[in-house]
Amino acid sequence: MGIISKNISRAVTLLNNEELVAIPTETVYGLAGNIYSEKAIKLIFETKERPFFNPLIVHIPSVDYLENIVDEIPEKAKLLVESFWPGPITLVLKKKDIIPDLITAGKDTVAVRMPNHSMTLELLRQLDFPLAAPSANPFNRISPTKPEHVEQYFKNKIKMVLDGGPCVSGIESTIIGFEDDQPIIYRLGSTPIEVIENVIGKIKVKNKKDISPKAPGMLARHYAPKTKTILTKYLLESIKEHQGKRIGLLIFNDNFNIENIDFKIVLSQENNLQEAASNLYDALHQLDEQELDIIIAERLPDYGLGKSINDRLERATK
Ligand code: TXA
Ligand code: MG
């Protein structure tokens with residue numbers, strides 16, 4: 001029997017028994033466990049082979065629940081919650097004492113969000129505790145956007161993937177913290193920076209080049225296929241350079257009409273960045289299965305979600 005199922009009651013039972021369930025969100029699938037169960041949380045790190053210094057995001061059922069988790073909520077954080085929850089903005093705020101150190105890797109802040117997926121919100125309402133949920137992939141590998149991706153990674157390790165269909169946003173939440181009450185983006189994500197700035201004004205990005213990254217989603221190499229992958233603006237030149245190899249192409253639209261390529265995926269025929277984002281990880285999963293010598297990915301336009309997609313592709317190609 002497969003592990004993919006739509007049975008929310010079964011997910012409730014497993015989670016109440018300190019086991020893990022993969023859950024759908026609007027961004028990517030998460031590998032979820034009770035934040036107050038040391039057993040479940042340790043199992044999350046073990047299953048993902050994730051280092052303990054990398055803290056987890058806490059998923060809550062409602063806006064009101066936030067005050068059970070965090071101590072101080074800056075004005076701009078309140079504005080973000082009002083504008084974007086439920087949705088793909090994760091806030092890093094001062095934690096309450098009841099949040100276990102295992103969740104936050106010993107930091108005095110906790111990352112928290114209210115996901116926008118009806119099944120997972122229903123699940124959270126039926127539980128007496130929030131869910132810690134990192135993306136449901138082994139450390140450094142491509143994040144899952146379909147139940148089948150999770151099944152492939154973890155079918156022998158977890159009992160259930162709650163089937164909520166393909167993820168609509170397709171890349172992880174945007175992570176925003178506060179330093180001296182000023183908002184800072186620690187990870188570019190599903191909500192374009194321009195949209196965030198419309199609500200709270202100019203915001204700094206500390207997404208890269210930090211020696212000790214605030215959010216290891218910022219680690220230089222992350223979200224990576226096993227196949228050698230390069231990112232380029234100059235598609236035709238790169239193809240020429242790798243002539244004779246088994247090439248896979250990951251391109252935004254299909255303007256070039258390129259031939260003689262072993263495997264090609266177009267992210268959005270209509271030039272739509274949202275569509276491209278939601279197709280990105282599934283495309284990387286598919287390309288990685290083709291036994292190619294090299295994946296050549298096209299750099300997307302550098303605005304809106306294009307920025308977030310380029311960020312992920314850069315990390316996939318390090
Ligand atoms: O869209 C998402 O955010 C997905 C879905 C499942 O909700 N989750 C996700 O989790 O991407 P994960 O564990 O793959 O990435 C969480 C990121 C990590 O880079 C971690 O370092 C950062 O959040 N993070 C967690 N707590 C933090 C904290 N207190 N301060 C700074 N960064 C934190
Ligand atoms: Mg992740």
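All values below were derived from every heavy atom in this structure, side-chain atoms included, with hydrogens, water molecules and symmetry-related copies excluded. Numbering of ligands and ligand atoms starts at 1, following listing order. This one's a predicted model, so the numbers in the text were calculated from it and none came from an experiment.
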> When you measure from the side chain of T120 to the backbone N and O of P24, does any donor-acceptor pair fall under 3.5 Å?
yes
> Is the shortest distance from a Lys or Arg side-chain nitrogen in R315 or D311 to a carboxylate oxygen in the other one below 4.0 Å?
yes
> So for atom OH, which belongs to Y303, do other residues, nucleotides or ligands contribute more than 12 heavy atoms lying within a distance under 6.0 Å?
no
> Could you grab the protein N, O or S atoms closer than 2.8 Å to the Mg ion (ligand 2) for me?
S135 OG
> Please determine whether any non-hydrogen atom of P88 lies less than 4.0 Å from an atom of ligand 1.
no
> Is K159 atom NZ crowded by more than 12 heavy atoms from other residues, nucleotides or ligands, each under 6.0 Å away?
no
> Hey, is the main chain of S173 close enough, under 3.5 Å, to the side chain of R187 for a donor-acceptor pair?
yes
> Considering only heavy atoms, which of H117, R187, H59 lies nearest to atom 11 (O) of ligand 1?
R187
> If you measure from each heavy atom of R50 to ligand 1, is any distance below 4.0 Å?
yes
> May I ask whether E26 places a heavy atom under 4.0 Å from ligand 1?
no
> Going hydrophobic residue to hydrophobic residue with side-chain gaps under 4.5 angstrom, can you get from I265 over to L313?
yes
> If hydrogens are left out, which of V92, T27, I89 has an atom nearest to atom 30 (N) of ligand 1, that is, the closest non-hydrogen atom?
V92
> Identify which of P115, A32, P55, S173 has a heavy atom lying nearest to atom 33 (C) of ligand 1.
P55
> For I175, counting its heavy atoms only, list the atoms of ligand 1 lying under 4.0 Å from any of them.
17 (C), 22 (C), 23 (O)
> Is it the side chain (CB and beyond), the backbone, both or neither of T109 that lies under 4.0 Å from ligand 1, heavy atoms counted?
both
> Between F129 and Y36, does the ring centre distance come in under 6.0 Å?
no
> Which part of A133 is near ligand 1, with near meaning a heavy atom under 4.0 Å away: side chain, backbone, both or neither?
backbone
> Do any heavy atoms of T104 fall under 4.0 Å from ligand 1?
no
> Do the two ring centres, one from Y153 and one from H285, sit under 6.0 Å apart?
yes
> List ligand 1 atoms under 4.0 Å from P134, heavy atoms only on the residue side.
10 (O), 12 (P), 13 (O)
> Does atom CD of E197 have more than 12 heavy-atom neighbours from other groups under 6.0 Å away?
yes
> What are the two closest heavy atoms between P115 and H59, and how far apart are they?
CG-CD2, 4.1 Å
> So, Q126 versus E122: side-chain donor-acceptor pair below 3.5 Å or not?
yes
> For ligand 1, indicate whether the residue N54 contacts it via side chain, backbone, both or neither (heavy-atom separation under 4.0 Å).
side chain
> Checking K226 side chain against R141 main chain: does a donor-acceptor pair fall under 3.5 Å?
no
> Tell me if a side-chain donor or acceptor on R299 pairs with a main-chain N or O of E314 at a distance below 3.5 Å.
no
> Can you list the ligand 1 atoms lying under 4.0 Å from a non-hydrogen atom of S135?
8 (N), 9 (C), 10 (O), 12 (P), 14 (O)
> Out of all atoms in ligand 1, which are within 4.0 Å of some heavy atom of K107? Include the element for each.
28 (C), 29 (N), 30 (N)
